[in-house]
Amino acid sequence: MAVGRLRPPRWSLTCAAAVFCTFAAPAWAQDGPVTLYADQIQGLGSGQWTASGNVEVLYGDRRLYAHQAHYDEKKDEIIAKGQVHLVSPGIVTNAPEATLKIHSNQGIVLHPRFLLPSQDGHGQASSGRELGKNHYRLNEACYTTCHGQVPAWQIYSQQLDLNQNDQYISTYNSTLNVYGLPVLWLPYFSFPLQRHSGFLPPTIGSSTINGFTLGIPYYFDIASNLDDTLTVEGLTKRGVLLQNQFRYLEPNYSGQLLLALLPHDKLTGSNVWAVSWQHQQNLGDGFALSVNYNRVSYRNFLADLSGVTGFNGGYIGGVGNAPYLTSTGAISYGNRHLQAGVMLQGYQELLQGEAAPYAQLPYVYANGYWRLGKTGYFDWRSNFNYFYASTGPIGQRLDLTPTIGWKWSRAWGYLEPQGRLYFSHYQIQRNGPYDRVSNRSLPALSLRGGLNFVRDAQDGSSIVLHPMFKYLFIPLQAQNQIPNFDSSTPFQNYNSIFTDNSLFDGSDRINAANQLAYGLEGSGYNPNGREVWSAAIGQIQYFNRRQIDLAGNIVAQNSRSNYFWQAQYAPLANLNFLASSETDSDWQRFERMDFRAQWLAHNGTVLNLDYRYTRNYVDQAGVSAALPIGKQWRVLGSYQYDVQDNKPLEQLVGIGYDGGCWTAQLMMFHQILLGGQTNNAVYLEIVLRGLTSIGNSSNGFLDQYVPGASMEF
């Protein structure tokens, strides 16, 4: 034992000399020496000493504070009394008395009160014992993360084991109390302090199609980069659903595999299943591999079961009302100038009467971009496709699209001439009315330019105007001699009128052009540099009066296109108005209109107003909102209405409560599913912070129903 020495005195009602001592640890000890601070020490050098007055004992990563402590070197034991305060990794304990075996990490504590700082968990017990380093057993204990004389929830347990080595708390013969009332008896219950194998909180829900649902998930912590979740879910109207999610993460690859099986489904009378596999891998030297495979056993799987499974838009390649599922597998390569790859892409039809796109088995592409001098560039696009479907023509297409251009620019404007060639070679099987072999070559010449005007105001605000134009020439050529594998007519907008093939998606149809597209863009900025408004309007003037349609036939064309405009106005940083529209060339009617007003307040208030109109297709209006009521309550709702059919589409009502150490959310939905059927669903989630959650997580639905809202408090 080292000789005691003085340390700077502590000042209290009476001044006492403070003594510091260091004790050499036994040879078998791993925690190093024991250091003692105290106002008074008696029995130094005898193997037994008694310290009193502001006692501090430091050993390894532990700290002990008390009014009095007695040490027996032979027993390696400290008996501490009087406001004992123990600080150990991950746990802090207060008690009137404690007996500790310093180097063997064992001890007994009477009437302890403990705190787990990282979880904000705390409780008390009649007695506690340290069984080994970071392993504690508490008798007649209670645990909660709540505060107050009557905690919102609290677990009373005959025995509570806290094993920080395994990061687990286990309780035996326990009762869950809610506001002092016992609501659930648990013969055994355990919950992790961090990721760990074991049962996860159950999921609870109800819907018109599935009935009452109760899911019991079990989580397998296989390794730091591997895990698996197996869920058994009972559906009162369907049967027992089994689902499994396996996830993996390596330095060069990652992915997940989801499987679901509902044997002897009462609704369909068959075995219902689904599989979804996503995989991404870096093969090195610029090469990469990706897989996205999705398949379901019947058309309405996503619409019926996506609410009770992990198969949703993020996993399965589609959303609940998607007309088809997409599956792809690809190997790609990329460097500074070249991007190339091979992909297989297939589809599964979900909506009756809606044909899925052609499968591409394979799709091979090679694209490159090179600078020519300071202002020139050469762009190369090429691909080879084999299109397959169960009916209709099938065949091969080779597309070559070289482009050469120059871009001359100054601060006040720019000018960009460009030349492009569209070349396609077809070999058709099951060709029907089409030639077995055919070629198409179409040149495209364009000149694009624009000016920049900036006006700065004295208050620091500014306005930017950008008039622009694009002249485009593509000769007219009938294309009804080749099949249509992947072309469609997209919804046009302001930006699309400045593209070369603006009338069609895909490569089977190339529109004719002898036209001038022109537009005006503008933006306004406040003195702080925030964009307050932006707007754009544009149109195409056609000098040719003939065009091709989606079938490839030559048809008449108006002298002008429709007008396209878009605007955004944000008078406040949290208030935004967005609009885009397409009107006919005479401003007589709207062809399309999309509008949204959104208010995002700092207190979590959200208000959305939406209107969507496409002539002869969509006419819908909606309102959604989330509103905090005080500090603890939050309500939200969404109402979508079909103006054309004069009926509601989708409705949501939700309420959430934050009790500090617990939260609860209740969501009620009315949904229109695939094929026009309806579904009423209820989702409930209860979270006991620091312990567990019960029910279905509702936040995944909010982006769709109430954009900008969250039930997180």
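Reckoned from all heavy atoms, side chains included, excluding hydrogens, waters and symmetry mates.
- For Tyr65, the side chain to side chain donor-acceptor pair (under 3.5 Å) criterion is met by no residue, not counting sequence neighbours.
- Taken from CG in Leu116 to OG1 in Thr93, the straight-line distance is 8.5 Å, to the nearest 0.5 Å.
- Partners of Glu250 by side chain to side chain donor-acceptor pair (under 3.5 Å), not counting sequence neighbours, listed by chain and number: Asn225.
- Side-chain N or O atoms of Ser276 include none that pairs as donor or acceptor with a backbone N or O of Asn294 at under 3.5 Å.
- Taking the ring centroids of Trp633 and Tyr657, they lie under the 6.0 Å cut-off.
- Remark: the Arg247 side chain and the Gln256 side chain contain no N/O donor-acceptor pair separated by less than 3.5 Å.
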| task | Evaluate ring pair (Phe, Tyr, Trp, His ring centres under 6.0 Å) for Trp49 paired with Tyr71, printing each intermediate quantity in order. | result | CA-CA 5 Å; Trp49 49 255; Tyr71 176 69; 5.2 Å; yes

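- Residues meeting the side-chain contact (heavy atoms from CB on, under 4.5 Å) test with Ser297, sequence neighbours left out: Val272, Trp273.
- Between atom OG of residue Ser206 and atom CG of residue Leu214 there is a gap of 12.0 Å, rounded to the nearest 0.5 Å.
- Below 30°, between 30° and 60°, or above 60°: for His147 and His122 the angle between ring planes is below 30°, a parallel geometry.
- Screening residues 204-213 for salt bridge (charged side-chain N to carboxylate O under 4.0 Å, His left out), with sequence neighbours left out, gives no hits.
- Side-chain polar atoms of Asn244 and Asp228 form a donor-acceptor pair below 3.5 angstrom.
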| said: Set out, in order, the CA-CA distance, both residues' side-chain angles and the distance that settles side-chain contact (heavy atoms from CB on, under 4.5 Å) for Leu242 and Val240, then state yes or no. | reply: CA-CA 7 Å; Leu242 305 174; Val240 178; 4.2 Å; yes

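- With sequence neighbours left out, the side chain to side chain donor-acceptor pair (under 3.5 Å) criterion links Ser52 to no other residue.
- The minimum heavy-atom distance linking Gly239 with Leu262 is given by the pair C-CD1, 3.8 Å.
- At a threshold of 4.5 Å between non-hydrogen side-chain atoms, the residues Thr35 and Val57 do not count as touching.
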| said: Go through it in stages, so that I can follow the logic: the residues are Leu131 and Tyr136, the test is side-chain contact (heavy atoms from CB on, under 4.5 Å), and I'd like the CA-CA distance, side-chain angles, deciding distance and then a yes or no. | reply: CA-CA 6 Å; Leu131 305 179; Tyr136 308 91; over 6 Å; no

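- Heavy atoms only, all atoms of each residue included: Met667 and Gly654 are closest at SD-CA, 3.8 Å.
- Between the side chain of Ser157 and the main chain of Tyr172, a donor-acceptor pair closer than 3.5 Å is present.
- Counting heavy atoms from C-beta outward, Ser290 and Gln278 have side chains that stay 4.5 Å or more apart.
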| query | Can Asn292 and Trp277 be said to form a side-chain hydrogen bond (donor to acceptor under 3.5 Å, both in side chains), step by step? | reply | CA-CA 6 Å; Asn292 179 28; Trp277 179 37; over 6 Å; no

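- Under the 3.5 Å distance criterion, with hydrogens and angles disregarded, a donor-acceptor pair is assigned to the side chains of Asn608 and Ser624.
- The salt bridge (charged side-chain N to carboxylate O under 4.0 Å, His left out) analysis of residues 135-148, with sequence neighbours excluded, yields the pairs Arg137-Asp161.
- Remark: Ala601 pairs with Trp599, Asn603, Thr605 by the side-chain contact (heavy atoms from CB on, under 4.5 Å) rule, at least two apart or across chains.
- Within the 4.5 Å cutoff, no side-chain heavy atoms of Ile216 are placed close to those of Thr231.
- The distance from the OH atom of Tyr143 to the CD1 atom of Ile155 is 8.5 Å, given to the nearest 0.5 Å.
- In terms of modelled atom types and a separation under 3.5 Å, the side chain of Ser207 and the main chain of Asn210 share a donor-acceptor contact.
- Residues satisfying the disulfide (SG to SG under 2.5 Å) test with Cys146, not counting sequence neighbours, are Cys661.
- Each disulfide (SG to SG under 2.5 Å) pair with one or both residues in residues 156-190, not counting sequence neighbours, would appear here, but there are none.
- Using a 4.5 Å heavy-atom threshold, the side chains of Ser170 and Tyr188 count as touching.
- His135 has its side chain out of reach of Glu130: every pair of non-hydrogen atoms, C-beta onward, lies at least 4.5 Å apart.
- Asn94 is linked by a side chain to side chain donor-acceptor pair (under 3.5 Å) to His85, counting only residues two or more places apart in sequence or in another chain.
- Put simply, the side chain of Tyr179 does not reach to within 4.5 Å of the side chain of Pro151, judged on heavy atoms.
- Here the straight-line distance linking atom CZ of Arg238 with atom OG1 of Thr213 works out to 11.5 Å at 0.5 Å rounding.
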| message | Checking Ile169 against Leu160 for the side-chain contact (heavy atoms from CB on, under 4.5 Å) test, could you report, in this order, the C-alpha distance in whole Å, the side-chain angles of both residues, the deciding distance, and whether it holds? | response | CA-CA 7 Å; Ile169 291 180; Leu160 185 149; 4.0 Å; yes

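- Annotation: side chain of His279 is in contact with side chain of Leu289 (closest heavy-atom distance under 4.5 Å).
- Tyr248 and Tyr253 have tilted rings, their planes meeting at an angle from 30° to 60° on a 0 to 90° scale.
- At least one donor-acceptor pair under 3.5 Å links the side chain of Thr144 to the backbone N or O of Trp153.
- Sorted by first and then second residue, the salt bridge (charged side-chain N to carboxylate O under 4.0 Å, His left out) pairs with a member in residues 85-111 read Glu77-Lys101; sequence neighbours excluded.
- Defined by atom type and a distance below 3.5 Å, a donor-acceptor pair is missing between the side-chain atoms of Asn177 and Gln154.
- Scanning all heavy atoms of the two residues, the minimum distance from Ala80 to Ala66 falls at CB-CB, 4.0 Å.
- A donor and an acceptor atom, one from each side chain of Gln68 and His70, are nowhere located under 3.5 Å apart.
- With a 6.0 Å radius and a threshold of 12 heavy atoms from other residues, nucleotides or ligands, Gln280 has its CD atom above the threshold.
- Note: Phe114 CZ to Leu86 CG = 13.5 Å, rounded to the nearest 0.5 Å.
- The two residues His67 and Val55 have their closest heavy-atom pair at O-CG2, 3.6 Å.
- Qualifying side-chain contact (heavy atoms from CB on, under 4.5 Å) partners for His264, counting only residues two or more places apart in sequence or in other chains: Asn271.
- Looking only at atom types and distance, the side chain of Asp658 has no donor-acceptor partner in the side chain of Thr663 under 3.5 Å away.
- Nearest heavy-atom pair, Ala38 versus Ile41, reported as atom, atom and distance to 0.1 Å: CB-CG1, 4.0 Å.
- Taken to the nearest 0.5 Å, the CG atom of Leu636 stands 5.5 Å off from the CG atom of Leu652.
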| What's the verdict on side-chain contact (heavy atoms from CB on, under 4.5 Å) for Leu162 and Leu138, showing C-alpha distance, side-chain angles and the deciding distance? | CA-CA 8 Å; Leu162 169 60; Leu138 303 171; 5.6 Å; no

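- For the pair Leu257 and Val275, the minimum side-chain heavy-atom distance is below 4.5 Å.
- Heavy-atom neighbours of Arg129 CZ from other residues, nucleotides or ligands within 6.0 Å: at or below the threshold of 12.
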